[in-house]
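In what follows, a single structure is set out as structure tokens and then discussed.
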Protein chains: 2
Amino acid sequence: MNLKQLAHMLALSQTTVSRALNGYPEVNEETRRRVMDAAKRHGYRPNPSARRLATGKTGMIGYVLPTGASVDIDPHFVEFLSGLGDYARSHELDLVLSPADADDQETTYRRIVANRQVDAVYISSPRPADRRVALVNTLGIPFIVHGRSEGFDFDYAFTDIDNEGAFHEAARLLIQLGHRRLALINGDGRETFAIHRERGVRRALAASGLTLIERHVCSVDMTEENGYRATRRLLEGDDAPTAIACSSLIMALGVVRAVRDLGLSIPGDVSLIAHDDVFPWLRPENFSVPLSTTRSSIRLAGARVAERLAARISGLEEGARGEVWPVDLVVRGSVAGAPA
Amino acid sequence: MNLKQLAHMLALSQTTVSRALNGYPEVNEETRRRVMDAAKRHGYRPNPSARRLATGKTGMIGYVLPTGASVDIDPHFVEFLSGLGDYARSHELDLVLSPADADDQETTYRRIVANRQVDAVYISSPRPADRRVALVNTLGIPFIVHGRSEGFDFDYAFTDIDNEGAFHEAARLLIQLGHRRLALINGDGRETFAIHRERGVRRALAASGLTLIERHVCSVDMTEENGYRATRRLLEGDDAPTAIACSSLIMALGVVRAVRDLGLSIPGDVSLIAHDDVFPWLRPENFSVPLSTTRSSIRLAGARVAERLAARISGLEEGARGEVWPVDLVVRGSVAGAPA
DNA sequence: CGAAAAAGCCAAAGCGCTTTGGAAGACTCT
DNA sequence: AGAGTCTTCCAAAGCGCTTTGGCTTTTTCG
């Protein structure tokens, strides 16, 4: 059942039927009702390919997925996706993942924009002066950044969490507990979130006349193994820290294992605070010693990004509004006063 | 730059240009070269929306993503996606995720087929007599099932691993080591993979005149917490098992924690074998006691599914061929002889 | 009451591609 | 040389929708 048939069966023109269905004003309400009615009764659904060719609207949002044999997709992604999908579903939006060579995403962005494959895109894990953000901005497609970039001469729309504030609070707590040597096991140091977290820790230390020594900060991919290695290196070196801030729950698994392997204990010898993105399958309260965390649901962020994308597509949201969500500091058993 | 302009500038008809570019035989090789050349020089790329309207081909593969506030997307998904994306990239395929109410995926499947939104779909985590498989089969869109369903009066194409064989081998090893009371901490018991794994364990036990008692098998969502709870329940009950087979590395984290909490040790008191889907961020050799595993890269499966989908779309693959991949049994420190 | 404005509808022209049904010219064969 | 066969190209008809421009008919208003 296509528009032509429907129009014919109603003894109306395609124009009128189309307008009736799309809510244009120049059609009699009585007629509109008839049309809507017939459309529903016959289960008419406009062919998206045709509509798309005519209007350019796709009803899809895009994400360029970096891939490659040596590229690991972050497990956070799936949780973000849960939120995004949940919102998208309620608005009949689909998500198209365009895989791209991790080293050349530009081609793919250009393609999906030139081909009008999606109505909007989002960008995740941005870095300062992220080229993707600059590119997408000039290409003129609506977009939202999940996270923040920095150092542009233009503003853009983003949804981020207060990474600096979160780690500032975490560090402050540890300092208040008497810790003087803090360490930071961070994610990829080229990404903004990691920079912000480090800044938060440094600021808290500085406020007490302390510093974060270079040996005590490491930036690694967020795997269990890297958490383990970093911790061993930290605790076996001179000036071992008495407290660790860690950027992910997965790395925290490795931290805990390393501490145990060294015959030390949490929080007796080392206090630990990790960032929790709220995975359903790994929860900080279930660690052998319940983990103190900075907590922010990445799933909610996904839903929010979808919501904003939808708003931008329909023209409800404009401008370069950035929003920063506060992060909860949840204190559990993994922190204690500094050892004597 | 569209076809019309390109044709005009070459003083050829759109027909000829189109045919030249799409490799049809009825065009002079000399002409074809000229066309290809001009196309490349001017960066001509056929508009996919138009092509799509004309041919029905989309260059996209689809996946219906169950969503909802209480629906958690499996972290395995992201690893599968890595492989799928990696292959899709090299073949200029995009993946469209259509979020659906987890309790009504049928509507979404019907929509994406009726609207011709994708050229093929894949289905994951199937159950016996899975309705999605039956539906997609009747809808007539090319598809591949990742995993297996059962109990249909038709055949279909799938890529699965030998879950039964894997857990049969694992159980056999444990039995050989003298274990008599095995337990199975399984995934969702409604899914085929879980059924097959249980069958594998039972078969191995039966071969030695043993049985898997009901109390010793549990089917739960694969979270760390569920692994913990199941293990406590198992080990604190009467007839506590001396060996555990576990369906995921994430649950195995909980198993290890529970064993430790009970003051027991692996493999001294309990042997443990888990299934490893090969996550980059959590590796069995890095468990406090290196974990024996049944190993199969879910990422490779993703790539394979993409490959087969691409083959089906282009007509290179037909028929209902199912393939079952063998699973490696990797023995590490977590298994030992049964305690006296 | 007649002109101007508004309401309601339609035919047809896109959107940019593929594909059908020729047609013109070159070549082969008897 | 004429008939038949390739080869190579083209005009035009879709694909199913939206939208422009215009045409009636009805309503409004001085």
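Letters go in sequence order (proteins before strands), and every chain restarts at 1.
Close to D/dT18, at under 4.0 Å from its OP1 or OP2, lies no side-chain N or O of A/Tyr24. The shortest distance between the side-chain N/O atoms of B/Tyr44 and the OP1/OP2 oxygens of C/dG16 is not below 4.0 Å. Between B/Ser18 and C/dC17 there is no side-chain N or O to OP1 or OP2 distance below 4.0 Å. For B/Ser13, no side-chain nitrogen or oxygen approaches OP1 or OP2 of D/dA11 to under 4.0 Å.
Ring geometry for B/Tyr156 against B/Phe154 counts as perpendicular: the plane angle is over 60°, on a 0 to 90° scale with 30° as the lower cut.
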Could you pull out the protein-nucleic contacts involving nucleotides 23-27 of chain C (nitrogen or oxygen on both sides, under 3.5 Å)?
none

Restricting to nitrogen or oxygen on both sides, can you table the protein-nucleotides 20-27 of chain D pairs closer than 3.5 Å?
none

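Residues meeting the side chain to side chain donor-acceptor pair (under 3.5 Å) test with A/Thr107, sequence neighbours left out: A/Asp104. Qualifying side chain to side chain donor-acceptor pair (under 3.5 Å) partners for A/His42, counting only residues two or more places apart in sequence or in other chains: none. Scanning for side chain to side chain donor-acceptor pair (under 3.5 Å) contacts around B/Arg116 gives an empty result, with sequence neighbours left out. For A/Tyr24, there are no ring-ring contact (aromatic ring centres under 6.0 Å, His included) partners two or more places apart in sequence or in a different chain. Every residue two or more places apart in sequence or in another chain that forms a side chain to side chain donor-acceptor pair (under 3.5 Å) with A/Glu307 is listed here: A/Arg304.
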Please tabulate, one pair per line, all N/O donor-acceptor pairs under 3.5 Å involving side-chain atoms of residues 2-9 of chain B, not counting sequence neighbours.
unit_1 : atom_1 : unit_2 : atom_2 : d
B/Asn2 : OD1    : B/Lys4 : N      : 3.4
B/Asn2 : OD1    : B/Gln5 : N      : 3.0

Could you pull out every donor-acceptor pair under 3.5 Å between side chains of residues 16-23 of chain A and any protein atom, sequence neighbours left out?
unit_1  : atom_1 : unit_2  : atom_2 : d
A/Thr16 : OG1    : A/Ser13 : OG     : 3.2
A/Asn22 : OD1    : A/Arg51 : NH2    : 3.2
A/Asn22 : ND2    : A/Ser18 : O      : 3.2

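Side-chain proximity of B/Asn28 to C/dC17, C/dA11, D/dT8: nearest is D/dT8.
Every pair passing ring pair (Phe, Tyr, Trp, His ring centres under 6.0 Å) that includes a residue from residues 68-91 of chain A is listed here, sequence neighbours excluded: A/Tyr63-A/Phe77, A/His76-A/Phe279, A/Phe80-A/Tyr122, A/Phe80-A/His146, A/Tyr87-A/His91.
The strand DNA chain C forms stems, runs of 3 or more Watson-Crick or G-U wobble pairs with distances below 3.5 Å, at C:1-30 with D:1-30.
Of the residues in residues 47-58 of chain B, those with a non-hydrogen atom less than 4.0 angstrom from any atom of DNA chain C are B/Asn47, B/Ala50, B/Arg51, B/Ala54, B/Thr55.
Within 4.0 Å (heavy atoms only), B/Ala7 reaches no atom of the nucleic acid at all. Using a 4.0 Å heavy-atom cutoff across all strands shown, A/Ala11 reaches sugar-phosphate atoms only and no base atom.
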